[in-house]
Amino acid sequence: MSETVTVPALQAMKRDDRKIVGVVAWDYQMARIVDRAGVDLVSVGDTVGMNLWGRPNPLEITMDELLVVCRAVRRGVRRALVSCDFPFGPLQEGPREAVSAAIRLVKEGGVDLVKLDGAADHLDAVTAVHRAGIPVFAQFGITPQTALRHGIAYDTTPGASSEVPADMREEMVAEARALEAAGAALLNFTNSGPVVGPAVVDAVSIPVLGGHGGGPWLDGRVRMVNAAIGYAESQLDDPRNTYADVARISLDAISAYAGDVRAGRQIRGGR
C-alpha cells in the first residue's frame, strides 16, 4: 500500500474489479491518519462549511477558504490522491472561469484533481478543464449544488430517502456517458441507489464512486471521516451506525480533564 496513487491506477482498479476507498477530510492531522490507513482518495469537500464551521449549507464557502483547507490536507497526504470541490460559482460562470478555478486549486492548493458538482450541466467546462491537463472528478445525481432542481433541501435530507428514482435510469446513464465523453476521469454518483447505480457503473469505463445512497454496486465509496468515526455533537443524542464513537470518547475525555482541574489534581500529560 506504499505506492503513490494515480488516476490511471484508480481506472485500472475498476477494470480489475477492485474497490476504491475514498474519504472526505478537512484537516492536516486527519489527512495523515487516513493516508496512513491506506485510502486511495482524499476529497476536500465544500461541506466543510457545514460540518466544521456550522454554516447552513455548502454554497457559502469561497475559493479562498477551500484553498486553506486544501493546503492543510495536502501537507498531510503523501500516498493518496487529493481532490477538492469547486465552490459554487466558477463552474456556473463558464469554461474559462472553471479552468481558472481548477488551476488555482492545483497551483495553490496542491490537489491532484478537481471535483465538479452538477458537472452534467456543464460539459463544456468539464472538457475545458480536462484539456488544461487537470483530471476531473465529475459529480452528478442528487448533489448539494443541484438539489434545488429536485425540490430538496440538501442540508436536511438523509441520503437513503433521496435515491435517484428508478425511472431516471436512462437519464443518469446518458449523463454518465456524456461526462466520460467530455473528459471526466472519475464519476461521483450521489444518491445512486441499487437500481440506477449498477446501470451507470456498467455503462462507462471510468470508475463510479458514491457517498450518500451508494453501496457495493459502485466501483468504490466516499464517506466523510467525521461521519465514519462518529465525530459530531449530534452523535451524543442519536448514535449512528458508525465505525467508532469519537463524540462520546471526546465528551468523556474532556469531562475527565475538567474534573481533574476542578479537583486540583495534576492533569494527565501535564507538568
Side-chain angles (χ1 to χ4, degrees), residues 5-24 38-43 45 47 80-81 83 85 113-123 126-127 130 135-152 154 157-225 227-228 240-243:
V5 181
T6 64
V7 170
L10 294 189
Q11 295 171 340
M13 289 177 71
K14 178 186 176 86
R15 294 192 296 271
D16 297 339
D17 197 26
R18 291 181 289 135
K19 299 296 186 183
I20 297 167
V21 180
V23 296
V24 177
V39 304
D40 304 304
L41 174 71
V42 182
S43 179
T47 49
L81 282 168
S83 171
D85 288 6
L113 63 163
V114 294
K115 185 151 76 65
L116 310 185
D117 188 345
D121 294 328
H122 304 279
L123 296 175
V126 173
T127 299
H130 164 68
V136 174
F137 188 13
Q139 185 172 4
F140 70 113
I142 301 175
T143 74
Q145 294 182 19
T146 63
L148 292 177
R149 183 203 314 164
H150 300 281
I152 294 169
Y154 191 87
T157 302
S161 66
S162 55
E163 290 175 358
V164 172
D167 60 7
M168 291 180 64
R169 173 176 173 171
E170 295 307 314
E171 178 183 344
M172 292 295 101
V173 165
E175 286 192 6
R177 286 174 172 162
L179 286 165
E180 181 178 25
L186 305 172
L187 298 181
N188 186 9
F189 189 6
T190 308
N191 294 296
S192 65
V195 176
V196 183
V200 168
V201 168
D202 292 341
V204 295
S205 63
I206 57 178
V208 182
L209 312 183
H212 280 313
W217 50 84
L218 299 177
D219 295 313
R221 298 299 305 278
V222 181
R223 191 174 188 190
M224 290 190 302
V225 169
R240 304 284 182 174
N241 184 19
T242 61
Y243 294 90

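If you're wondering where the values come from, they're calculated on a predicted model, not measured in any experiment.
Taking 4.5 Å as the limit, some side-chain heavy atom of Leu41 sits within range of a side-chain heavy atom of Ser83. Side-chain contact between Val204 and Leu179 is absent, with no heavy-atom pair separated by less than 4.5 Å. Between Phe140 and Val200 there is a side-chain heavy-atom pair separated by less than 4.5 Å. Using a 4.5 Å cut-off on side-chain heavy atoms (C-beta onward), Met224 and Thr47 make contact. Here the side chains of Leu218 and Leu209 are not in contact, with every heavy-atom distance at 4.5 Å or above. Here the side chains of Asp117 and Asp85 are not in contact, with every heavy-atom distance at 4.5 Å or above.
Put simply, CZ on Phe189 and CG on Asp219 are 12.5 Å apart, with the number rounded to the nearest 0.5 Å. One distance of note links CD of Gln11 with NZ of Lys14; it measures 10.0 Å at 0.5 Å rounding. Note that NE2 of His130 is 13.0 Å distant from CG of Leu123, once rounded to the nearest 0.5 Å. The CE atom of Met168 sits 12.5 Å away from the CD atom of Glu163 when rounded to the nearest 0.5 Å. Here Leu187 contributes atom CG and Met172 contributes atom CE; the two are 11.5 Å apart, rounded to the nearest 0.5 Å. Asp40 CG to Ile20 CD1: the interatomic distance, rounded to the nearest 0.5 Å, is 6.5 Å.
The two residues Ala184 and Val126 come nearest to each other via the heavy atoms N-CG1, 4.0 Å. Looking at every heavy atom in both residues, Val196 comes nearest to Pro165 through CG2-O, 3.5 Å. The heavy-atom pair separating Lys19 from Met13 by the smallest distance is O-CE, 3.1 Å. What you find for Trp217 and Pro198 is that their closest heavy atoms are CB-CG, 3.6 Å. Contact record, Thr190 with Val164: O-CG2, 4.1 Å, taken as the closest heavy-atom pair. For Pro207 against Ala185, the heavy-atom pair with the smallest separation is CD-O, 3.7 Å.
Proximity of a side-chain donor or acceptor of Ser43 to a complementary backbone N or O of Val24 within less than 3.5 Å is not detected. Between the side chain of Arg221 and the backbone N or O of Gly210, at least one donor-acceptor pair lies under 3.5 Å.
A 6.0 Å sphere centred on CZ of Arg169 holds no more than 12 heavy atoms belonging to other residues, nucleotides or ligands. Within 6.0 Å of atom CG in Asp16, more than 12 heavy atoms from other residues, nucleotides or ligands are found, so the atom counts as buried in its surroundings.
Remark: Arg177 engages no residue in a side chain to side chain donor-acceptor pair (under 3.5 Å) (not counting sequence neighbours).
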